[in-house]
Amino acid sequence: MSAHASTVDPKKAELWDIHHHSHDVISTRTLGYFLYLLSDGMLFATLFAAYGVLSYQHSYFGGPTPAEFVKPWYTFGQTIALFLSVLAYGFGMNALKHKSKSGLINGMLAAFVLGVIFLVLDIHDMSHLYSMGITLASSGGMSAFMVLTQVHATHIFFGLIWILVMIAQVMTKGFTEETVGRLLTLRMFWHLQAVIWVFVYIFVYLWGYIS
Amino acid sequence: MLVDLPGGWSPLLGRLAWSQIPYANPILAPLFVAVVIGAIIILGLITYYGKWTYLWKEWLTTVDHKKLGVMYIIIGLVMLFRGFIDGLMIRTQQVWAVGPHSSGVFGSLHGYLTPFHFGQVYSAHGLIMILLAATPLLVGFMNIIVPIQVGARDMAYPYLNALGLWITAAAAALIMISLFVGDFAHNGWFEYAPIFELQYSPGVGVDYWMWTLQLVALGTTLGGINILATIIKMRAPGMTWGKLPIFVWTSLAANVIALTSFPALQVALGLVAADRYLGAHFFTAGMGGNLMLYTNLFWIWGHPEVYFVILPAFGMMSEIFPTFSEKPLFGYITMVLASMAIAGVSWLVWLHHFFTMGAGPFVNTAFSVATMLVGIPTGVKVFNWAFTMYRGRLTFNAAMLWAIGALFLLLVGGFTGMMLAIPAINYMVHNSVFVVAHFHSMLLVIVYAIFGSVLYWFPKVFGFKLDEFWAKTMFWLFSAGTVLVFVPMYMLGFMGMTRRLEYVFDTGWQSYLTVMELGIVVYVFSVLAFFILLYVSVRDHAKNRVGADAWGTSRSLEWMTHSPVPFYNFAVLPHINERDELAWRRQHGIDQVRPEHYEDIHMPNNTGVAIILGGLTFVLGFALTWRIWWLCIVSLLAIILLMIIRSFKGDPGYIITGAELQRMEEEAYRREAQVLDSHHSHPVSGGVVGNAMAYQRNDSSK
């Protein structure tokens, strides 16, 4: 097993990295951010598991169930807003390839506005439920419903702050290694939140509606 | 706020009040005085010697992975000591409070701890030992060793590394302050639903537990990302995956576990917080909550976490055995596969922590079989270590003794683990001290590997060896303590003694408990031996100085650079040709070859942001625990703002010129030559790559 024969001639071996090789900063950062997003995905996976366990009839304890109040068409509006936001971000990143600062900022602004629309629709929906007396204290099932959807909304909220920060950084600093790296990682973040929203929409809203 | 809070609450101080300070407690009040006096003495000494600037510039704001690693290890050792004192208190209570005629003091009917206080002690013992002793110690070693072993100048993200350390420090501070302000959780380190709900545990203990754990989880996730990215992206040229040292492989496996499993814990704790703070019903006994959901979510993290701490320990053993057997590690490929297999299986076994949940024969059998599967890769590792030592040229120094001790403990813990994996046996000994003895055997594997590593890598970090005599004394005392405490514990488990008894009803167990108390006293002596070891070694450090290759038989990259390691690690990054690069170079007589010229290198700047963020997370955790809402909002906003400001500033880093580098290197070589001359024993020895046999050594040099 340990018969690992030496294949390099020690007399000719290259011992030092003389031809100075440096690590690619942007790819190192995006890899790290990708790893963080994996853990974010695990976070949502766990929340989905909790939602699955707490979505039986008895989990609602005789109180309201999603079937009684979810409005798939209303939430579909949120879906479209978030997807268009991701699309706008994509157009902005396309402008980055052409080194167009204004194109990027326009795309980011559009992504920001659409994200705000998503969040406003969500807050309106939640305050409507609150006015009906449906809160996360209603039952175990409602706790799972509220926490899953609102943890996602919190991610969107912090993403929006980040978009603003990046618009400011691109305006003041232009396209540096740091800002471009952050634009890429923000794009990954924004995209993942849209992907997770697909699962939220299907498992919480559509499934909740038909069950 | 949606929940009815028992007790007082004010907008300014939340639940905090003078009555929360246990100044009347006969154990805590003197301790508090001692801590205050100790702190005043330490701060006074720092001021007297004018070391504040040094401390701030060299340590508190550093982004150097070695210094951060040392600070991780210091936190870990301090918390290990605290956890040990908790263990001493548990043992003393149990040997005292036996039978109805046992005496009681300090307001306790039997023994000296009231049930509520005893509950806090064992809960804090468990949480501290696993998450604030073992985890920081291992993360510290990964921090120091992994970047050097892969031939990098620093971690992939030095600033994030500092942030991870200070968040861990904040968690340690939070659990320590729970001693003197309020209470700690009293229902076990992993808690149970629904007893942690506000109506059953109205105090702040569960909140302290929850936010401490949440902070550790955050810090460890950040650290995990950093180590993974370092291993994937920062390897020196020529270091292919097949040439990675095993410690790096096990660190990789461990951090894959950390990255994927800690989010599950964060969610479990977040849902507890939703229950306690917002009145949600995730884990309540009524209103549609599900009690076992908590237990499942916790152990879905909890079991991978166990392997997160054991895998780096396996890596440490895999570094120590070959060095002191003077042979390459036996079965490198199988070792890699075994590490990855353990990481994979760690996800499939969580239910064995609660077979008695009653999930039914099919589920229990599936998890039983999955648990037994763990024995295969672990067995592979044990045999590999044994074959590494087989016909090797063994040196029984203290580091090697600790590693061998770890191997034996792994056998004891592993076989009892196999017993517990059988649901029929598990139903019999569930919640008994047999289980406690089993997982202490396993966790002691980690402690043994850590002390072995402290001895093994100490000269690399500080430039001198620790004293062999006191290191061995400590080892033998510690091992005697281990036997005396845990052999009777296994026996008591079979006799049916359940865990966490603050009053022992069966007087027939008195003799066993007395032996265990004797064992813990021997442990106390081993702790004293450790302090003497540190004192003697620092006193004699000039005598014990070492060169780059401290042991003369080491194999991996960290031994190619100077001891102590310069802040830039390698002046010129090495080009990797073989798996055990240093052993290969030594064998071919090219280990003293120096680079011909030096180029400019780029290093990151120090930053004070990380420690400030750590301080703010501590404030946030404290404010959340005591429900001081304005302080929560202020500290959270400060954290966000500081992160944004930092992102605008960035870190351009700085350049060390080739000329400067050459000057520093020559200085280091000169110092090293002096050290070796004064010893008159240039370590001439090494190992053979590609041969399982020990090779000829020039013994005249020893």
Side-chain angles (χ1 to χ4, degrees), chain A residues 1-8 10-11 13-18 20-24 27-29 31-32 35-36 38-43 45-47 49-50 53-54 56 58-61 63 135-144 146-147 151 158 161 165 168-169 172-173 176 178 182, chain B residues 2 156-157 221 225-226 228-229 232-234 236-238 259-264 266-268 271 274 278-282 284 286-290 293 297 300 328-334 572-575 577-579 584-585 588 590 593 595-596 599 602 640 644 647-648 650 689-690 692:
Chain A
M1 197 60 242
S2 50
H4 175 72
S6 177
T7 48
V8 183
K11 288 192 186 66
E14 193 183 338
L15 296 182
W16 305 102
D17 178 30
I18 312 158
H20 189 63
H21 104 145
S22 66
H23 301 285
D24 178 356
S27 88
T28 307
R29 287 200 177 171
L31 172 82
L35 293 172
Y36 160 71
L38 282 183
S39 83
D40 204 37
M42 285 306 295
L43 187 138
T46 317
L47 282 173
V53 170
L54 293 177
Y56 289 93
H58 61 254
S59 308
Y60 299 102
F61 208 62
T135 66
L136 88 171
S138 298
S139 66
M142 285 317 300
S143 303
M146 293 285 176
V147 168
V151 166
F158 281 102
I161 294 180
V165 169
Q169 290 198 350
T172 54
K173 294 179 164 185
T176 65
E178 283 201 327
R182 284 183 194 140
Chain B
L2 298 164
Y157 322 109
T221 312
I225 291 172
N226 213 339
L228 286 177
I232 296 170
K233 282 283 180 187
M234 308 288 281
L259 184 70
T260 47
S261 71
F262 271 95
Q266 290 184 301
V267 169
L271 301 187
L278 304 170
H281 292 287
F282 283 101
T284 51
M287 298 294 283
N290 189 325
L293 175 63
L297 287 183
I300 282 176
L329 185 71
F330 185 89
Y332 174 87
I333 300 289
T334 54
V572 178
L573 293 183
H575 186 102
N577 300 289
E578 279 299 325
R579 186 174 290 159
W584 174 79
R585 288 191 188 192
H588 294 287
I590 48 175
V593 177
E596 277 150 16
E599 288 184 358
H602 179 253
I640 294 168
I644 292 174
S647 87
F648 269 92
V689 182

Problem - Close side-chain approach of A/Ser39 to B/Phe262, heavy-atom, < 4.5 Å - result: no
Practice task
Identify the two heavy atoms, one from A/Thr28 and one from B/Tyr157, that lie closest to each other, and give their separation to 0.1 Å.
Solution key: O-OH, 2.5 Å
Handout entry: Salt-bridge criterion met for B/Arg585 and B/Glu578 (N-O under 4.0 Å)
Key = no
Exercise for the section: Before giving the answer on side chain to side chain contact (heavy atoms under 4.5 Å, CB included), spell out for A/Ile161 and B/Ile644 the whole-Å C-alpha distance, their side-chain angles and the decisive distance to 0.1 Å. Expected result: CA-CA 10 Å; A/Ile161 294 180; B/Ile644 292 174; 4.2 Å; yes
Exercise for the section: Using non-hydrogen atoms and a 4.5 Å limit, figure out which bit of A/Thr172 sits close to chain B: side chain, backbone, both or neither. Expected result: side chain
Practice task
Please flag which part of B/Leu259 lies under 4.5 Å from any non-hydrogen atom of chain A: side chain, backbone, both or neither.
Solution key: both
Problem - Contacting region of A/Ala45 [heavy-atom separation from chain B under 4.5 Å] - result: neither
Exercise for the section: Go through the atoms of B/Ile640 and report whether side chain, backbone, both or neither lie under 4.5 Å from a heavy atom of chain A. Expected result: side chain
Practice task
State, to 0.1 Å, how close A/Leu35 and B/Ala229 come at their nearest heavy-atom pair, and which atoms those are.
Solution key: CD1-N, 4.1 Å
Exercise for the section: Determine the option with the most heavy-atom pairs under 4.5 angstrom with chain A, choosing from B/His281, B/His602, B/His575. Expected result: B/His575
Completion exercise
In short, B/Phe648 meets A/Ala168 closest at the heavy-atom pair CZ-CB, 3.7 Å
Practice task
Please look at B/Ser647 and chain A and tell me whether the side chain, the backbone, both or neither of the residue comes under 4.5 angstrom of a heavy atom of that chain.
Solution key: both
Problem - Side-chain heavy atoms of A/Leu15 within contact of B/Asn577, under 4.5 Å - result: yes
Practice task
Just give me the residue among B/Ala156, B/Gly650, B/Pro574 that pairs up with chain A most often, heavy atom to heavy atom, under 4.5 Å.
Solution key: B/Pro574
Exercise for the section: Flag yes if more than 12 heavy atoms outside A/Tyr56 fall under 6.0 Å of its OH atom; otherwise flag no. Expected result: no
Problem - Top contributor to chain A interface from B/Ile232, B/Leu228, B/Thr260 [non-hydrogen pairs under 4.5 Å] - result: B/Thr260
Practice task
Could you look at A/Leu54 and say if it's the side chain, the backbone, both or neither that has a heavy atom under 4.5 Å from chain B?
Solution key: side chain
Exercise for the section: To the nearest 0.5 Å, tell me how far B/Asn290 CG sits from B/Leu297 CG. Expected result: 9.5 Å
Exercise for the section: Heavy-atom distances under 4.5 Å only: say whether B/Ile225 touches chain A with side chain, backbone, both or neither. Expected result: both
Exercise for the section: Could you look at A/Glu178 and say if it's the side chain, the backbone, both or neither that has a heavy atom under 4.5 Å from chain B? Expected result: side chain
Problem - Interface moiety of B/Phe282 toward chain A, non-hydrogen atoms closer than 4.5 Å - result: both
Exercise for the section: Check whether B/Thr221 gets within reach of chain A through its side chain, its backbone, both or neither, counting any heavy atom under 4.5 Å. Expected result: side chain
Handout entry: Per-residue contact mode, B/Val267 against chain A (heavy atom under 4.5 angstrom)
Key = side chain
Exercise for the section: Write down the atom of A/Ser138, the atom of B/Met287, and the distance for their closest heavy-atom approach. Expected result: O-CE, 3.1 Å
Problem - Options A/Ala13, A/Gly140, A/Gly32, A/Gly63, ranked by heavy-atom pairs under 4.5 Å with chain B, top entry - result: A/Gly140
Practice task
Using non-hydrogen atoms and a 4.5 Å limit, figure out which bit of A/Val147 sits close to chain B: side chain, backbone, both or neither.
Solution key: side chain
